[in-house]
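Keep in mind it's a predicted model, so treat the numbers as computed, not measured. Just so it is clear: chains get the letters A, B, ... in the order the sequence lines come, proteins before strands, and each one is counted from 1.
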Protein chains: 2
Amino acid sequence: MGATKTDLFTKQQNDIAAMAKALAHPARIAILQYLVKKNACVCGDLVDELGLAQATTSQHLKELKIAGIIQGSIEGASVCYCINPKVWKQYRELFNAFFQDVDLKDKCC
Amino acid sequence: MGATKTDLFTKQQNDIAAMAKALAHPARIAILQYLVKKNACVCGDLVDELGLAQATTSQHLKELKIAGIIQGSIEGASVCYCINPKVWKQYRELFNAFFQDVDLKDKCC
DNA sequence: ATAGTTTATTGTATTATTGCAATATTACGA
DNA sequence: TCGTAATATTGCAATAATACAATAAACTAT
């Protein structure tokens, strides 16, 4: 077929995969890093910052917004984006839990 | 076009995105969780475990192997897979660094 | 009102991903 | 050697993601 069979997996597995997918493009990583660096609402700068077309940038912003990790607010003619701290922490905790030290054997295969 | 413009971004940004992409499917999350739970080389079980076709499972294993996060070794007629502890730690550290506490403002937008 | 600015949406082309059947490959055992 | 078992690969179809031009929508300023 071609569509992911989400019903075969647990909600947690689908959630982690969805979070990872939100991060699975360098432009979205760049956007998040920029917002974290500024640690403020950013209006407009992002298109110039990335080097991608305005439409493409807008699309990546939309995906990050759908994933919940950023939020936007209308500020006059422009729209300002910033990290959603609550969701950011959720991401951190989920990935932390996933990668938590499990005393992996050094010699395995 | 349709192809990711990797040249617009830093190596670090591309690396993080590539790692996230390796995790961006619930089947691959399930595989990793299973290998971590077993904390050993696993031979054969995975196809039954996942519920996907053998060919599909093999393909996901291949992607994880290319990403470096698992390794396989031939064990007679079957192939055994396990976590690559070194790369696992790299993933953990990179995501940790990315999500590190940055004292995000609670009230932003 | 009108022109300019900023962001979102739509349409379309291209590439990537997902999934499975069929086949190939490799190793083992009788 | 021949048949069986376990993985990998190939070929194909369907879906998703990436990118951008063109356009729309919403606000500003003159």
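For the pair A/I74 and B/C43, both in contact range of DNA chain D, the more 5′-proximal nearest nucleotide belongs to B/C43.
For B/S58, whose side chain is taken as the heavy atoms from C-beta onward, the closest listed nucleotide among D/dT9, D/dT18, C/dT6 is D/dT9.
More than 12 heavy atoms of other residues, nucleotides or ligands shown are found within 6.0 angstrom of CD1 on B/I66. Atom CG of A/L8 has more than 12 heavy atoms from other residues, nucleotides or ligands within 6.0 Å.
Side-chain contact between B/L23 and B/L32: present, with at least one pair of heavy atoms (C-beta onward) separated by less than 4.5 Å.
Taking atom CD1 of B/I29 as the reference point, atom P of C/dT18 lies 12 Å away to the nearest angstrom. Atom NE2 of B/H60 is separated from atom C1' of C/dC20 by 11 Å (rounded to the nearest Å). Between A/L61 atom CG and D/dC20 atom P there is a gap of 14 Å when expressed in whole angstrom units. D/dT18 atom P lies 13 Å from atom CG of B/N14, rounded to whole Å. Atom-to-atom, CD1 of A/I31 to P of D/dA19 comes out at 11 Å; the value is rounded to the nearest Å. The distance from atom CD of B/Q59 to atom C1' of D/dT15 is 14 Å, rounded to the nearest whole Å. The distance between atom CG of B/L64 and atom P of C/dT17, rounded to the nearest whole Å, is 13 Å. Atom CD in A/E63 sits about 13 Å away from atom P in D/dA16, given to the nearest Å.
Note on ring orientation: taking the six-membered ring where Trp is involved, the planes of A/Y91 and B/F99 are tilted (angle from 30° to 60°).
Taking side-chain N and O atoms only, A/K21 has a distance below 4.0 Å to OP1 or OP2 of D/dA17. Within the structure, a side-chain polar atom (N or O) of A/Y81 is placed less than 4.0 Å from OP1 or OP2 of C/dA8. Residue A/H25 places at least one side-chain N or O under 4.0 Å from the OP1 or OP2 atom of D/dA19. Checking the phosphate oxygens (OP1, OP2) of C/dC20, a side-chain nitrogen or oxygen of B/T56 falls inside 4.0 Å.
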Practice item. Show your reasoning for whether side-chain contact (heavy atoms from CB on, under 4.5 Å) applies to A/I29 and B/F98. Key: CA-CA 9 Å; A/I29 298 294; B/F98 183 76; 3.9 Å; yes
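For residues 47-55 of chain B, proximity to DNA chain C is found at B/L52, B/A53, B/A55, defined as any non-hydrogen atom under 4.0 angstrom from a strand atom.
Within the nucleic acid shown, A/E75 has no heavy atom closer than 4.0 Å to any nucleic acid atom.
What you find for B/A22 and B/R28 is that their closest heavy atoms are O-NE, 2.8 Å. The minimum heavy-atom distance between B/L35 and B/I70, with the atom names listed, is CD1-CG2, 3.8 Å.
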